[in-house]
Every structure is written in structure tokens, then in C-alpha cells.
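Each residue takes its place number in the sequence, starting with 1. The basis for the numbers below is simple: all heavy atoms, side chains too, and nothing from hydrogens, waters or symmetry mates.
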Amino acid sequence: QVQLVEYGGGLVQAGGSLRLSCAASGRTFSGYIMGWFRQAPGKEREFVAAITWSGGSTYYADSVKGRFTISRDKAKNTVYLQMNSLKPEDTAVYYCGAMRGGRDYYLGREYDYWGQGTQVTVSS
């Protein structure tokens, strides 16, 4: 049974940093893509960043490019999202997802597994 557990969210001032973690278990993720999405109140879930588990190729939404960095630690089965220069508009619940490769990494509906989410609040 696949489980994704996010942690590391919290309250931070604008310009600050947070690092989110997603601990994955229940299967081997070789060939998978791991993604971070976020959902603000009243808005749809949107793509933030993704990484291929095997090769480590990364992809970012334009809104976070240059500020956020996604990475993974195979030994710990964990995916990270380092968020720097945070803005109030980054406030959202952040979700970690996993999907088998070969599909569109930026589409939430393509993901097979999801975590429960972690709240990130950026104050101005």
C-alpha cells in the first residue's frame, strides 16, 4: 500500500524559506514521477514542481521557477521542496503526488497517489 506523507509546512514571513518533505513508502518508485501541487482557498489544485525518481530531471511552474527547488533522496525514499523568497501568494495546502512515468507531469489527474497535504502560510 503506497503512502505519501508530507511535513514541513508552517507560517513564515514574506521573503522567508521553508522546506517541505514527502516520505514515500509501499513500493519501489523507479520509473515514477514525483510532483508537488498546491491548492489555495477557492482555487483549483495547481502544479508546482516535479522530478523523475530515477534520473532526477526536474520541472517547475513558471510562478516558482528560480525560487523553489525539488529534489529526492533515494536512500530515504523522500522528496523535498525547498521554497525560498516566499510570497503571500504562495499560501496554500501543498500536496505530494506520485505517478507512473510517461504521462503529463503537470496534470494532477494523471497522478496515482496523493498525500494528505501540508499547510503553508506566508504573511505579508
Side-chain angles (χ1 to χ4, degrees):
Q1 178 177 344
V2 173
Q3 276 196 315
L4 303 175
V5 180
E6 305 99 331
Y7 52 97
L11 173 64
V12 64
Q13 288 189 328
S17 299
L18 280 175
R19 188 177 81 156
L20 305 183
S21 302
C22 172
S25 62
R27 65 159 296 125
T28 176
F29 291 94
S30 176
Y32 270 63
I33 293 175
M34 310 297 288
W36 285 98
F37 285 70
R38 66 187 182 188
Q39 187 167 18
K43 295 188 176 182
E44 293 189 354
R45 190 173 298 192
E46 65 172 0
F47 169 73
V48 175
I51 187 167
T52 60
W53 187 261
S54 299
S57 297
T58 57
Y59 310 91
Y60 296 95
D62 287 344
S63 59
V64 306
K65 206 171 289 184
R67 300 189 297 125
F68 292 10
T69 302
I70 188 171
S71 61
R72 88 275 188 248
D73 185 329
K74 289 184 178 180
K76 295 182 178 180
N77 253 25
T78 299
V79 180
Y80 303 98
L81 186 68
Q82 177 67 43
M83 305 185 295
N84 298 329
S85 302
L86 282 161
K87 305 175 181 179
E89 50 263 45
D90 294 317
T91 295
V93 177
Y94 283 70
Y95 297 91
C96 173
M99 70 172 218
R100 288 179 292 275
R103 293 179 281 176
D104 294 324
Y105 59 85
Y106 52 88
L107 294 176
R109 65 175 182 263
E110 299 288 352
Y111 282 70
D112 302 297
Y113 307 103
W114 291 99
Q116 81 290 347
T118 185
Q119 177 71 46
V120 171
T121 303
V122 184
S123 63
S124 56

Inset, instruction - Using a cut-off of 6.0 Å, state whether more than 12 heavy atoms not belonging to K76 lie near its atom NZ. - result: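 Atom NZ in K76 is not packed in, count stays at 12 or less.
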Inset, instruction - Report the residues that fulfil side-chain contact (heavy atoms from CB on, under 4.5 Å) with Y106, sequence neighbours left out, ordered by chain and then residue number. - result: F47, D104
Inset, instruction - Could you tell me which residues satisfy side-chain contact (heavy atoms from CB on, under 4.5 Å) with V64, sequence neighbours excluded, listed by chain and number? - result: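 With neighbours one apart ignored, the set is R38, V48, Y60, A61, R67, F68.
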How close do [X] and [Y] get, heavy atom to heavy atom, and via which atoms?
{"X": "Q116", "Y": "V5", "value": "OE1-CA, 3.8 Å"}
{"X": "L11", "Y": "S123", "value": "CD1-CB, 4.4 Å"}
{"X": "K43", "Y": "Q39", "value": "O-NE2, 3.1 Å"}
{"X": "S17", "Y": "S85", "value": "OG-N, 4.4 Å"}
{"X": "A50", "Y": "Y111", "value": "CB-OH, 4.1 Å"}
{"X": "C22", "Y": "W36", "value": "CB-CZ2, 3.6 Å"}

Has the side chain of [X] got a donor or acceptor atom that lies under 3.5 Å from a matching backbone atom of [Y]?
{"X": "T118", "Y": "Y94", "result": "no"}
{"X": "S54", "Y": "G31", "result": "yes"}
{"X": "E6", "Y": "C96", "result": "yes"}

Transitively linked via ILVMFWY side-chain contacts under 4.5 Å: [X] with [Y]?
{"X": "Y113", "Y": "I70", "value": "yes"}
{"X": "L107", "Y": "M99", "value": "yes"}
{"X": "I51", "Y": "Y80", "value": "no"}
{"X": "Y32", "Y": "V79", "value": "yes"}
{"X": "V12", "Y": "M83", "value": "yes"}

Legend entry - side-chain contact (heavy atoms from CB on, under 4.5 Å) between F29 and N77, worked out: CA-CA 8 Å; F29 291 94; N77 253 25; 4.0 Å; yes
Is any side-chain heavy atom of [X] less than 4.5 Å from a side-chain heavy atom of [Y]?
{"X": "F37", "Y": "E46", "value": "no"}
{"X": "L20", "Y": "Q82", "value": "no"}
{"X": "R45", "Y": "W114", "value": "yes"}

Inset, instruction - Can you tell me which residue pairs pass the salt bridge (charged side-chain N to carboxylate O under 4.0 Å, His left out) test with a partner in residues 111-124, sequence neighbours excluded? - result: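 As it turns out, the salt bridge (charged side-chain N to carboxylate O under 4.0 Å, His left out) pairs with a partner in residues 111-124, which skip direct neighbours, are R100-D112, R103-D112.
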Legend entry - Nearest-0.5 Å distance that lies between atom CG in L81 and atom CG in L18: 9.5 Å
Legend entry - Pair T52-M34, side-chain contact (heavy atoms from CB on, under 4.5 Å): steps then yes or no: CA-CA 6 Å; T52 60; M34 310 297 288; over 6 Å; no
Legend entry - side-chain contact (heavy atoms from CB on, under 4.5 Å) between W53 and I33, worked out: CA-CA 6 Å; W53 187 261; I33 293 175; over 6 Å; no
Legend entry - Test: K65 and D62 ion pair at under 4.0 Å: yes
Legend entry - Side-chain donor-acceptor contact under 3.5 Å, T78 with D73: no
